[in-house]
Amino acid sequence: MERELALEILIAYERDHTYLNIALNHALEHRDVKSDLVTALVYGTIQYRLRLEYELEPQITGRRVKVFERMLLFMSVYEHLYMSMPDYAIVDSSVELAKKKKGKRTSQFINGVLRTTFQNPRSLDGLEEVEALSISESHPLWMVKMFVAQYGLEETKKILKANNEVPYKTARINTLKTSREAFIETHPDFVASSNSPYALFYKGGNIAHTKAYQEGLLTIQDESSQLAAALLDPKPGETVLDMCAAPGSKTTELAMLMNNQGSIDAFDLYEHKIKLINDNAKRLGVDIIQAKAGDATDLTTFGEKHYDKILLDGPCTGLGVLSRKPEIRYHEASIMDEIIPIQKKLLENAYKLCKMGGNIVYSTCTINKKENEKQIAAFIKAHEDVTIVKERTILPYEIHSDGFYMCLLKKESQA
């Protein structure tokens with residue numbers, strides 16, 4: 001049952017180009033299956049897609065392989081390489097599934113390809129080191145080369161390995177309702193992190209299904225994200241702007257740090273995402289957020305208002321969250337050409353909206369220096385009255401969290 005459901009999700013993902021986590025959550029809802037196994041099969045197959053294609057290439061090159069057959073082959077080879085399941089069981093199960101869904105001819109094709117593939121493993125010997133790394137860790141070659149250029153080969157190996165590990169289930173305690181210490185005493189399935197004073201790791205299933213989440217005692221938020229919002233250090237009574245706010249995890253953290261006193265304007269480009277911010281705020285007991293739909297690249301969106309502190313968690317390539325969203329790794333490199341000018345425009349607007357003496361935090365969930373350090377360097381060069389207070393990049397392997405960049409800027413008061 002789990003393999004069949006995992007295959008259905010993979011086929012839907014391949015055909016509809018939907019987000020993998022959304023397809024997975026939708027399929028698992030109200031289904032009595034072992035969700036951890038389904039999740040492992042789905043995420044593992046997409047994570048290691050390049051390696052799986054490499055293994056299958058001699059058997060399928062030049063053949064017209066439809067979506068059903070392709071995704072079943074990928075999933076089966078993933079099980080062969082990365083899961084402790086006997087080869088005969090993988091083949092038998094896959095053949096039966098193909099026969100059930102598509103008939104005898106398809107089952108014979110699956111049987112032949114899998115048996116030949118399992119009996120003839122492909123070696124990476126003879127490939128250049130970077131190319132072999134691209135295949136073994138299943139990251140596109142352009143991305144591996146970029147990481148090597150920016151971080152060096154050894155750091156890149158650690159980054160790629162971390163991107164293929166299972167991420168922690170991380171929550172942020174809501175101090176408006178409880179303390180982390182008091183919460184842990186009555187919730188033994190949660191343990192405290194040493195990296196953020198508000199972070200909790202969950203040893204169970206889906207955090208969103210817990211009573212604690214539904215009661216607003218905590219919310220789902222990665223540690224790196226928590227550290228980025230905390231870097232802004234908003235105070236009670238201040239006027240704060242979150243320029244790209246949905247779904248509101250950082251927005252509500254800002255409100256928590258302000259003890260729910262002051263004012264936060266939260267914008268997002270899409271109207272339907274405003275509900276996510278408002279729902280999060282209501283669940284957590286926050287009432288100082290005014291969420292609105294608007295294009296943050298357009299300065300007129302904000303009217304005449306100026307802010308003490310601004311959080312700009314900008315749109316980015318997402319290269320820090322590949323363990324949570326493995327499909328991102330298969331985006332084209334050209335996406336950077338579209339995003340970097342948008343980031344620059346957002347920074348310019350943040351500068352204009354920030355009061356003299358105020359602070360801006362620019363953050364992204366990517367580790368691409370062109371979107372981070374180099375973006376900020378160009379911004380500082382253009383604005384001599386802005387200084388860097390603190391700048392930090394968290395690589396995915398460092399604290400087993402999302403890769404993240406964060407930079408605290410100060411707009412100096414004019415003499």
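Please read these numbers as outputs of a predicted model, since none were measured by experiment.
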Side chain to side chain contact (heavy atoms under 4.5 Å, CB included) between Ser76 and Arg3, worked out:
CA-CA 9 Å; Ser76 302; Arg3 293 184 83 250; 3.6 Å; yes

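In terms of heavy-atom proximity, Ser401 sits nearest to Glu223 at CB-CB, 4.4 Å. For the residue pair Ala132 and Leu124, the shortest heavy atom distance occurs at O-CD1, 3.9 Å. When all heavy atoms are compared, the tightest approach of Leu257 to Ala230 is CD1-CA, 3.8 Å. Between Pro326 and Leu20, the shortest heavy-atom distance links the atoms CG-CD2, 3.8 Å. Closest approach of Gly318 and Thr366 over heavy atoms only: N-CB, 4.0 Å.
Side-chain atoms of Asn164 and Ser138 form no donor-acceptor pair, as typed in the model, at a separation below 3.5 Å. Looking at Arg283 and Thr219, their side chains do bring a donor and an acceptor atom within 3.5 Å of each other.
Between the Lys292 side chain and the Asp265 main chain, no donor and acceptor come within less than 3.5 Å of each other. Between the side chain of Tyr198 and the backbone N or O of Thr175 there is no donor-acceptor pair closer than 3.5 Å. Checked by atom type and distance alone, the side chain of Glu371 never pairs as donor or acceptor with a backbone atom of Ile340 at under 3.5 Å. At distances below 3.5 Å, at least one donor-acceptor pair connects side-chain atoms of His400 with backbone N or O atoms of Val166. For Ser134 (side chain) and Val130 (main-chain N/O), no donor-acceptor pair under 3.5 Å exists by modelled atom type. A distance-only check finds a donor-acceptor pair linking the side chain of Asn349 to the backbone of Thr297 [under 3.5 Å].
When each of Leu72, Val113, Ile60, Leu56 is paired with Val65, the side-chain contact (heavy atoms from CB on, under 4.5 Å) condition holds for Ile60 and for no other.
Between Lys250 and Glu253, none of the side-chain N atoms (NZ, or NE/NH1/NH2) sits under 4.0 Å from a carboxylate O, so this pair counts as no salt bridge. In summary, Arg329 and Glu137 do not engage in a salt bridge, as defined by a charged side-chain N under 4.0 Å from a carboxylate O. We find that Asp308 and Lys355 are joined by a salt bridge, their nearest charged nitrogen and carboxylate oxygen being less than 4.0 Å apart. A salt bridge links Arg49 to Glu53: one of the charged nitrogens lies within less than 4.0 Å of a carboxylate oxygen. Taking the charged nitrogens against the carboxylate oxygens, Arg51 and Glu55 do have a contact shorter than 4.0 Å, which makes a salt bridge. Salt bridge absent: Lys102 and Glu69 never bring a charged side-chain N and a carboxylate O closer than 4.0 Å. A salt bridge links Lys161 to Glu165: one of the charged nitrogens lies within less than 4.0 Å of a carboxylate oxygen. Here Glu215 does not pair with Lys177 in a salt bridge; the nearest charged N to carboxylate O distance is not below 4.0 Å.
Residue-environment remark: NZ (Lys203) exceeds the threshold of 12 foreign heavy atoms within 6.0 Å. When the shell of 6.0 Å around NZ of Lys369 is examined, it contains more than 12 heavy atoms from other residues, nucleotides or ligands. For Lys325, the NZ atom counts as loosely surrounded, since its 6.0 Å shell holds 12 or fewer non-hydrogen atoms of other residues, nucleotides or ligands. Within 6.0 Å of the CE atom in Met1, the count of heavy atoms belonging to other residues, nucleotides or ligands does not exceed 12. Applying the 6.0 Å contact sphere to NZ of Lys169 captures more than 12 heavy atoms from other residues, nucleotides or ligands. Residue Lys305 places its NZ atom among more than 12 non-hydrogen atoms of other residues, nucleotides or ligands, all under 6.0 Å distant. Applying the 6.0 Å contact sphere to CD of Gln214 captures more than 12 heavy atoms from other residues, nucleotides or ligands.
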Identify every side-chain donor-acceptor pair in residues 236-249 under 3.5 Å, counting partners at least two apart or on other chains, and give the distances.
| from | atom 1 | to | atom 2 | distance (Å) |
| --- | --- | --- | --- | --- |
| Glu238 | OE1 | Lys235 | N | 2.8 |
| Glu238 | OE1 | Lys309 | NZ | 3.4 |
| Asp242 | OD2 | Thr251 | OG1 | 2.7 |

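Annotation: cation-pi pair Lys157/Tyr397 absent, no NZ/CZ under 6.0 Å from the ring centroid and within 45° of its normal.
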